[in-house]
Amino acid sequence: MTVVTRYAPSPTGALHIGGARTALFNWAFARHLGGQFLLRIEDTDRERSTLESEKLVLEALSWIGLDWDPVPGFAGIPRQSERGARYREAIGVLLANGAAYRCTCSEAEVEAMRARAKEKGEKPRYDRSCRERGIGADSAKPFCLRLRVPDVGGITRWNDLISGPAGEDVRELDDFVIARTDGTPIYHFAVVVDDHDMGITHVVRGREHMTSTPRQLLIYQGLGWEPPLFAHVPLLIEAGGKKLSKRQDSVSVQSYRDRGFSPETVLNYIARLGWSHGDLEIFSQAELVDLFTLDGVGSSPSQVHDDKLFWLSQHYIKTLPRERLLAHLQRFLDAEAGRPVPVDDGLASLVELLRERSKTLLEMAQLARFYYVDALARDAKATAKFLKSEIAAPLRELRDALASVPSWDRASLEAAFQTVIERHGLQLGALAQPVRVAITGGTVSPPIFETLEVLGRDRSLARLTEALALVH
RNA sequence: GACCCCAUCGUCUAGCUUGGCCCAGGACACCGGCCUUUCACGCCGAGAACGCGGGUUCGAAUCCCGCUGGGGUCGCCA
């Protein structure tokens, strides 16, 4: 049997990391087994769904490296908003076989019922008053459709692929609405029809859907369909312990990207949130496909915490192939400079030197600033501390020595420094720091010789001269 | 409130199915040290957890019960 999974976002905002992780698990699970991974847009809530959100979500998914398969029988990605006729058809089946009935209770009435139940210390629910009234399609009052939940028959059960045996007594369920007064289906109903029509074999989704599984099972039953297998993934929670909210921009995939994390980093990070494979920490996309199984998924919720994220980020910055790193970096370079920054050999070499010094792409672009910026802004504190009058003479001598160095390479630069520090009885650091401030504007950079080498003779000399004027 | 779920270092987790190899392993973070022209990287080292209480057993992180704590769900939202 071919495994078919799906991710079904509702396009009501950016994709957050929890959604991305659910998508990843579905994707990796399917790919590992050589199956299909499908996408579906759940936009039955017309008020909140937008095309921009949809685009954002799709973009985020491909950004972390997920791809999806075409859905047989559908042109493009299925969207619930376009499946009205199919839902009506399925509703007709339920009505015909008595699994659903019409209810004319108003919202106010239902609310009152719930309040009453709550007072009695019961679960708030609909009291089934329309159940046996046999209301027809010709009813004068507007009606919605409710599922007739069997009142005998005990417990709905399924073997959750992550939680193990699960189920709920049907007496806990009320006759829930499956179609609104306007005839449009409610989520639970649409999901069942969609999953069935798309041939989904495994539903891998967040734990928050656990309690609605019995209801969906009942719908499958009413329709006479075989339900898929379910796997409920533990929730992702924020540092405070609460469920990640959809409205939190800080955890959107987009914002991780903007903070300078590579897609490799984000993918690896979310993979390890709730899933593990022994002691391994680093996983490429291919390794994930290779190793991902549902029994690697834990059963308790995980906090989203930045510590490991930074470590992973630097790991990938250190190890990514140059081309890929530069491709990731480009947008940060451009943003920092406020114009397109061409990556020449010097900048490429600088990036190599910066790999071990940058935790994020953003940080890397900032550290490289001195290279691609026209007018260097020198840090005031650093200037005050290192460009002092006593360094004027050595600095001037160094500049002159550098000006006449035979070739601009590490060895020659080092020789020039050596001569100056020996004459003045200085430690290398005593001269290197002022030079660093002179040519980079700050106290932090790659080793001084490499930095000079990368900057080139003309610019280095010019900046040294500039700095000499600032000596006080 | 009702129902459901969860519970190992600060964080992510291994171990739990098939009790002993676990006075609990790895990783991140933190702290200390080494290296060092700044910052990093790297290397070495330290501290740090089985929520509590009962069982069962020769033996429990692992099995059972209770408690506590945390979370999720109870919509004509998805």
Side-chain angles (χ1 to χ4, degrees), chain A residues 8-12 42-45 47-49 80 103 105-107 110-111 114 117-125 142-146 160 163-164 166-169 171-174 176-188 190-191 206-214 232 234-235 237 239 241-243 246 269 272-282 295 298-312 314 318 353-359 367 382 386 417 421 427-433 435-437 440 442-449 451:
Chain A
S10 57
T12 55
E42 307 210 318
D43 57 351
T44 52
D45 183 353
E47 313 268 286
R48 294 192 299 154
S49 301
Q80 295 187 324
C103 167
C105 295
S106 69
E107 282 188 57
V110 175
E111 242 170 73
R114 279 198 265 267
K118 215 164 180 177
E119 261 173 49
K120 282 192 284 181
E122 288 168 12
K123 203 174 229 183
R125 55 185 172 183
F143 58 83
C144 67
L145 261 32
R146 289 181 182 274
D160 198 278
S163 299
E168 192 180 13
D169 196 316
R171 281 171 300 192
E172 292 300 328
L173 268 26
D174 70 355
F176 58 95
V177 174
I178 57 170
R180 306 181 179 98
T181 305
D182 66 6
T184 59
I186 279 316
Y187 165 79
H188 294 297
V191 168
R207 201 84 124 192
E208 73 267 30
H209 294 285
M210 189 104 176
T211 47
S212 56
T213 304
H232 289 97
L235 260 22
I237 55 184
K242 293 269 186 272
K243 174 185 164 187
K246 334 71 193 129
Y269 178 69
R272 283 286 290 105
L273 242 32
W275 175 82
S276 65
H277 185 80
D279 284 343
L280 298 182
E281 295 286 351
I282 303 294
D295 22 86
S299 53
S300 49
S302 327
Q303 282 188 35
V304 176
H305 204 92
D306 279 353
D307 281 348
K308 217 159 205 165
L309 186 62
F310 281 104
W311 172 72
L312 280 169
Q314 182 158 34
K318 281 190 296 192
L353 294 170
L354 256 18
R355 281 184 193 255
E356 292 186 338
R357 279 162 254 268
S358 315
K359 288 202 185 306
L367 288 171
F386 292 105
F417 268 73
I421 61 176
Q427 295 279 59
L428 178 54
L431 184 58
Q433 271 313 73
V435 172
R436 201 183 310 275
V437 175
T440 72
T443 53
V444 173
S445 87
I448 197 66
F449 305 127
T451 306

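It should be emphasised that the depicted structure is a prediction, and the values quoted were computed from it without experimental measurement. Chain identifiers are assigned alphabetically (A, B, ...) following the order of the sequence lines, protein sequences preceding nucleic acid strands; residue numbering begins at 1 within each chain.
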Which nucleotide in the list [options] gets nearest to the side chain of [X]?
| X | options | answer |
| --- | --- | --- |
| S10(A) | rC74(B), rA78(B), rG26(B) | rA78(B) |
| K318(A) | rG42(B), rA29(B), rC3(B) | rG42(B) |
| R272(A) | rC12(B), rA78(B), rU38(B) | rC12(B) |
| T211(A) | rC76(B), rU73(B), rA27(B) | rU73(B) |
| H209(A) | rU38(B), rC12(B), rA78(B) | rA78(B) |
| Q314(A) | rA78(B), rU38(B), rC41(B) | rC41(B) |
| E168(A) | rG1(B), rA78(B), rC3(B) | rC3(B) |
| E42(A) | rC76(B), rA78(B), rU37(B) | rA78(B) |
| H188(A) | rG75(B), rA78(B), rG72(B) | rA78(B) |

Least distance between heavy atoms, [X] atom then [Y] atom:
| X | Y | value |
| --- | --- | --- |
| I448(A) | V435(A) | CD1-CG1, 3.8 Å |
| R272(A) | S276(A) | NH1-CB, 3.4 Å |
| S300(A) | P234(A) | O-CB, 3.5 Å |

With rounding to the closest Å, how many angstrom separate the [atom1] atoms on [N] and [M]?
| N | M | atom1 | result |
| --- | --- | --- | --- |
| rU17(B) | rG71(B) | P | 29 Å |
| rC64(B) | rU56(B) | P | 15 Å |
| rC50(B) | rG10(B) | C1' | 16 Å |
| rU8(B) | rG25(B) | C1' | 11 Å |
| rC52(B) | rA60(B) | P | 15 Å |
| rC31(B) | rC9(B) | C1' | 15 Å |

So do M210(A) and D160(A) actually touch side chain to side chain, heavy atoms under 4.5 Å?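 With C-beta onward as the side chain, the pair touches.
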side-chain hydrogen bond (donor to acceptor under 3.5 Å, both in side chains) partners for D174(A), two or more places apart: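 Applying side-chain hydrogen bond (donor to acceptor under 3.5 Å, both in side chains) to D174(A) gives none.
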Which residues share a side-chain hydrogen bond (donor to acceptor under 3.5 Å, both in side chains) with T184(A), sequence neighbours left out: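 Listed in chain order: R180(A), D182(A).
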With sequence neighbours left out, write down each residue that passes ring-ring contact (aromatic ring centres under 6.0 Å, His included) with [X], or none if nothing qualifies.
| X | answer |
| --- | --- |
| F449(A) | F417(A) |
| F310(A) | F261(A) |
| F386(A) | none |

Across all strands, who's sitting opposite [N] as a Watson-Crick or G-U wobble pair, both distances under 3.5 Å?
| N | answer |
| --- | --- |
| rC74(B) | rG1(B) |
| rC34(B) | rG42(B) |
| rC28(B) | rG10(B) |

Do any side-chain nitrogens or oxygens of [X] fall under 4.0 Å of OP1 or OP2 in [N]?
| X | N | answer |
| --- | --- | --- |
| Q427(A) | rU37(B) | no |
| R125(A) | rU73(B) | no |
| S276(A) | rA14(B) | yes |
| R357(A) | rG42(B) | no |

Please evaluate the base of rC76(B) for a donor-acceptor partner in the side chain of T181(A) within a cut-off of under 3.5 Å?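 Flag set: donor-acceptor pair detected.
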For rU37(B), does the base pair up with any side-chain atom of R436(A) as donor and acceptor (N or O, under 3.5 Å, distance only)?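 Flag set: donor-acceptor pair detected.
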Could you write out each protein N or O paired with an N or O of nucleotides 5-11 of chain B at a distance under 3.5 Å?
unit_1 : atom_1 : unit_2  : atom_2 : d
rC5(B) : O2'    : R207(A) : NE     : 3.3
rC5(B) : O2'    : R207(A) : NH2    : 3.3
rA7(B) : OP1    : S299(A) : OG     : 3.4

Using a 4.0 Å heavy-atom cut-off, does P9(A) contact any base of the nucleic acid, only the sugar-phosphate backbone, or nothing at all?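 Nothing, no heavy atom under 4.0 Å.
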Need one value for Y269(A): base, sugar-phosphate or nothing, where a base atom within 4.0 Å counts as base even if backbone is also close, heavy atoms only.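 The residue Y269(A) makes no contact with any strand.
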